[in-house]
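The first residue of the sequence shown is numbered 1, and numbering continues consecutively from there.
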Amino acid sequence: MHPRRSRRSLALAVGAVLALSACNDGSSDRDAIVPIPGEVAGQSERTPSDESSVPSSTSAPATTADVTTPATDSSTTAEPTTTSTTTTPPTSSTSSTTTSTSTTTTTVPELDVYAPDCVVEVRSGDSLGAIADSYDDETITVANVRAENGIEGETIYPGQLLDICVDNGLDDVTGSERERNAAVVESEERAGVQAQQEKLNELFAGLGIRDLLVDGISGPVTEQRLCAARLSLGLPVTLGDMEPGSADEKALMAAETLNPPFTTALNSDRWILIDRTCQMMFVGSGADQLNFVFPTSTGEAGFETRDQDRSRAFRYDPALDNDGWHDSTDYPVPIDNPLSGNMYRPLYFDGGQAIHGANNVPTTPQSKGCARLRPGDQDALIAWLGLADADGPTNSSDRINVTVNVQGEYPDGE
């Protein structure tokens, strides 16, 4: 056998054996197969179990082996073709675990009442103040909640239902109608009275009378002042309160000044008007000038101050020997005591009835027929008449030069 042919035959035989072995061995490693030039080497499929053997993303790219293909022309040698492939970093299939936190919400059952949003159930430790403060609502106050629920005092109990929608005309627990909230009504009335008191102080300023206390309480002094304002403004004369929003209140609030009350006194150059209804005294000049308004106390039942129509004052006693205090002839007392009838600097207009100073000037008729003024008010009146410097008693109507009117009736039962 020719040596070259023998070697060729041997090579072919070995190749056949290797090929047969590759076909019959299903478990052979595919990496052992020599790739065809120009073809990319295939990658083995990865399963999660292969993860440990998968190259990391930083591994170098795999390069195929160079393969030389013999040319048909024995004189030409083909240049080997090198195919460079870069493996893509494997995507690690990672199982992510999500931890969910469950929150347990306790649902408070809605109260079985007519208007649940308007009702609060008292809990242990609650107080009316704490409940009221927990709402940003100026109408929810301790006083209003107490009045809305008919609570006396401050005591409340766990489980008690409180209606907090005040003054809506409903019992929000039962749904029944109810009267207005007494505390809200009182607050509104107080605000209305305060506005009236402020207006009265404005109108009476400069007329010799003390300012009212602006406290929202319509007591005897405020009622007395309202009565005088009605008389001055030509309104029906009463001692009652002035209803907020009423025609009388609108007239009061619109007034810019007080006028002399329209009586026959205005026909005199200087006049004094004593009104028994209001228990007030007006002092002025002619028809246009109002100089003073003083609180007074006229004669009590059985000793009424008598009606007067432009009666001229006829006597003035400065009582200089007793510091201005004159002992009454009809009601003598051992010491100067206005409560027992003594008179400070009396100005007589009808017999023994006089206008005089006293330390006790109530808002009701309590004198023995005279018209009482506070001592300071009596001093102002005497000075206005030009009698402050009198060196003794005077019986001259011309020198005194003032007329007196007495009118009105004090309401029974007041």
Side-chain angles (χ1 to χ4, degrees), residues 138-139 141 143-144 147-148 166-169 178-263 265-266 273-284 287-298 361-365 374 377 405-414:
E138 62 182 10
T139 67
T141 65
N144 289 353
E148 190 76 10
V166 301
D167 201 40
N168 63 352
R178 63 162 42 134
E179 297 294 326
R180 288 203 63 195
N181 184 291
V184 173
V185 172
E186 181 182 352
S187 178
E188 291 175 352
E189 290 176 348
R190 186 181 290 265
V193 172
Q194 285 179 330
Q196 293 174 9
Q197 290 169 332
E198 290 173 350
K199 185 63 178 182
L200 289 169
N201 284 342
E202 175 188 325
L203 291 175
F204 282 93
L207 294 176
I209 196 168
R210 300 175 184 178
D211 279 351
L212 286 168
L213 175 64
V214 180
D215 58 2
I217 300 174
S218 185
V221 177
T222 297
E223 291 173 347
Q224 186 181 43
R225 207 71 59 91
L226 284 170
C227 184
R230 289 183 175 107
L231 181 59
S232 173
L233 298 174
L235 302 171
V237 181
T238 69
L239 272 171
D241 293 334
M242 191 171 280
E243 188 71 23
S246 64
D248 282 6
E249 188 191 53
K250 291 177 180 177
L252 173 71
M253 294 302 182
E256 296 182 357
T257 186
L258 294 179
N259 305 313
F262 187 73
T263 68
L266 304 187
L273 171 64
I274 300 169
D275 188 82
R276 289 175 298 215
T277 304
C278 300
Q279 295 292 291
M280 294 290 280
M281 182 183 296
F282 295 79
V283 179
D288 302 319
Q289 183 65 44
L290 183 61
N291 296 92
F292 299 109
V293 180
F294 299 130
T296 189
S297 177
T298 60
V361 184
T363 58
T364 57
R374 294 188 178 96
D377 295 342
N405 280 44
V406 178
Q407 67 178 31
E409 296 294 334
Y410 192 76
D412 293 336
E414 294 290 338

Check whether any side-chain heavy atom of Asn405 lies under 4.5 Å from a side-chain heavy atom of Ile274, and answer yes or no.
no

Are any of the side-chain heavy atoms of Asp275 and Pro261 separated by less than 4.5 Å?
no

Can you find a heavy atom in the side chain of Arg374 that is under 4.5 Å from one in the side chain of Pro295?
yes

Is the closest side-chain heavy-atom distance between Leu290 and Leu207 below 4.5 Å?
yes

CG (Leu213) and CD (Gln194) are apart, to the nearest 0.5 Å, by 9.5 Å

Are Glu148 and Asn168 close enough that some pair of their side-chain heavy atoms sits under 4.5 Å apart?
yes

Take Arg230 and Thr238, measure what side-chain contact (heavy atoms from CB on, under 4.5 Å) needs, and give me the verdict at the end.
CA-CA 8 Å; Arg230 289 183 175 107; Thr238 69; 3.3 Å; yes

Nearest heavy-atom contact between Leu203 and Ala255 is CD2-O, 3.7 Å

Atom CG of Leu266 and atom CD of Gln289: how far apart are they, to the nearest 0.5 Å?
12.0 Å

Polar side-chain atom of Glu198 near backbone of Ala195 as donor-acceptor pair, under 3.5 Å
no

Considering all heavy atoms, the nearest Ala182-Ala147 contact:
N-CB, 4.4 Å

Is the backbone of Asp215 close enough, under 3.5 Å, to the side chain of Arg190 for a donor and an acceptor to pair up by distance?
yes

Dump the intermediate steps for side-chain contact (heavy atoms from CB on, under 4.5 Å) on Gln196 and Met253, then the final yes or no.
CA-CA 8 Å; Gln196 293 174 9; Met253 294 302 182; 3.9 Å; yes

Within a reach of under 6.0 Å around CZ of Arg210, are more than 12 heavy atoms found that belong to other residues, nucleotides or ligands?
no

Minimal non-hydrogen separation, Gln197 against Ile217, with atom names:
NE2-O, 3.1 Å

Salt bridge present between Glu243 and Lys250 (N-O < 4.0 angstrom)
no

If you apply the rule side-chain contact (heavy atoms from CB on, under 4.5 Å), what do you find for Leu252 with Leu226, and how did you get there?
CA-CA 9 Å; Leu252 173 71; Leu226 284 170; 4.1 Å; yes

Side chain of Glu409, backbone of Arg276: donor and acceptor closer than 3.5 Å?
no

Are Val214 and Asn201 side-chain neighbours, meaning at least one heavy-atom pair lies under 4.5 Å?
yes

Does the Asp167 side chain pair with the main chain of Asn181, one donor and one acceptor, at a distance under 3.5 Å?
yes

Please determine which of Val237, Leu258, Val293 meets the side chain to side chain contact (heavy atoms under 4.5 Å, CB included) test together with Ser232.
Leu258

So, for Ala143 and Ala183, which heavy atoms are closest and what is the spacing to 0.1 Å?
O-CB, 3.6 Å

How many angstroms lie between CG in Leu200 and CG in Asp211, if you round to the nearest 0.5 Å?
10.5 Å

Looking only at heavy atoms, the pair that brings Thr277 and Tyr410 closest together is O-CD1, 3.7 Å

Can you list the steps and then say if Ser297 with Gln279 is a side-chain contact (heavy atoms from CB on, under 4.5 Å)?
CA-CA 6 Å; Ser297 177; Gln279 295 292 291; 4.2 Å; yes

So Phe282 and Leu231, do their side chains get closer than 4.5 Å, heavy atoms only?
yes

Run the salt-bridge test on Glu249 and Lys199 with the 4.0 Å N-O cut-off and return the result as yes or no.
no

Are Glu256 and Glu202 close enough that some pair of their side-chain heavy atoms sits under 4.5 Å apart?
no

Considering non-hydrogen atoms only, spot the tightest contact between Arg225 and Phe204 and give its length.
CG-CE1, 3.6 Å

Is there a side chain to side chain donor-acceptor pair (under 3.5 Å) between Asp241 and Ser218? Walk through the geometry before answering.
CA-CA 7 Å; Asp241 293 334; Ser218 185; 2.5 Å; yes

